[in-house]
Amino acid sequence: MIKLYADENFPLAIVRQLRQIQYDVLTSYEAGQANQGIPDDEVLAFATQQERVLLTLNRDDFIALHQTGISHSGIIICKDDRDYLGQTQILQSCLSENPDFANRLIRIKKNNQPKSSNQVFIFQEYKR
């Protein structure tokens with residue numbers, strides 16, 4: 001099963017829900033990496049050393065890092081949205097459909113539904 005690393009800004013509610021469905025999620029707090037102002041490239045390096053896919057809300061910085069061509073174990077960027085259950089469900093779908101995240105960046109976002117005012121979470125891969 002894919003191992004995950006949640007950076008310090010990632011919602012603990014999603015971490016708890018992922019753990020309830022048996023995902024191995026290490027948080028920055030548990031790893032002793034929180035509240036230290038660690039640069040994003042070092043956060044990504046740590047996740048990669050631990051062979052974990054990084055979970056973050058930090059879209060701009062991690063997209064930029066990914067586009068530099070740096071090698072990593074995977075990055076999943078979630079939306080800063082309080083629909084934690086919706087994000088957990090799309091994360092579970094994404095994780096189950098993609099067995100290998102090496103050097104991949106996936107973004108979870110909301111998408112308008114045709115002829116409806118409802119939005120649903122989707123995932124989209126960003127190419128380098």
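Only this structure's heavy atoms are used, side chains among them; waters, hydrogens and symmetry mates stay out. This is a predicted model, so every value here is computed, not measured. Position 1 is the first residue of the sequence, and the numbers go up from there.
- Between C78 atom SG and K109 atom NZ the span is 13.5 Å, to the nearest 0.5 Å.
- In this structure, T88 and L18 have side chains that are in contact, with non-hydrogen atoms separated by less than 4.5 Å.
- Between the E30 side chain and the T27 main chain, a donor and an acceptor come within less than 3.5 Å of each other.
- Counting only heavy atoms from C-beta outward, the side chains of I76 and L95 approach each other to under 4.5 Å.
- Between L91 and L55 the shortest side-chain heavy-atom distance falls below 4.5 Å.
- Residues Q92 and Y23 form a side-chain contact, since some pair of their non-hydrogen atoms from C-beta on lies under 4.5 Å apart.
- With values rounded to the nearest 0.5 angstrom, F62 atom CZ is found 10.0 Å from L105 atom CG.
- Side-chain contact check for Y126 versus R107: some heavy-atom pair is nearer than 4.5 Å.
- Test R104, K127, H72 against H66 for side-chain hydrogen bond (donor to acceptor under 3.5 Å, both in side chains) and you get one pass: H72.
- Here the side chain of R19 pairs a donor or acceptor atom with the backbone of V25 at under 3.5 angstrom.
- In summary, of the residues considered (Q33, E51, Q49), a side-chain contact (heavy atoms from CB on, under 4.5 Å) with Y5 occurs for Q33 alone.
- Here the CG-CG distance, from D61 to L44, works out to 11.5 Å after rounding to the nearest 0.5 Å.
- With hydrogens and angles disregarded, a donor-acceptor distance shorter than 3.5 Å links the side chain of R128 to the backbone of G69.
- Q87 contributes a side-chain N or O that, together with a main-chain N or O of D81, makes up a donor-acceptor pair within less than 3.5 Å.
- Between R59 and D80 no salt bridge is recorded (no basic side-chain N to carboxylate O distance below 4.0 Å).
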request  = Give the intermediate values and the outcome of side-chain contact (heavy atoms from CB on, under 4.5 Å) for residues S73 and L54.
outcome  = CA-CA 8 Å; S73 295; L54 176 68; over 6 Å; no
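- Between the side chains of N58 and D40, at least one donor-acceptor pair of N or O atoms lies under 3.5 Å.
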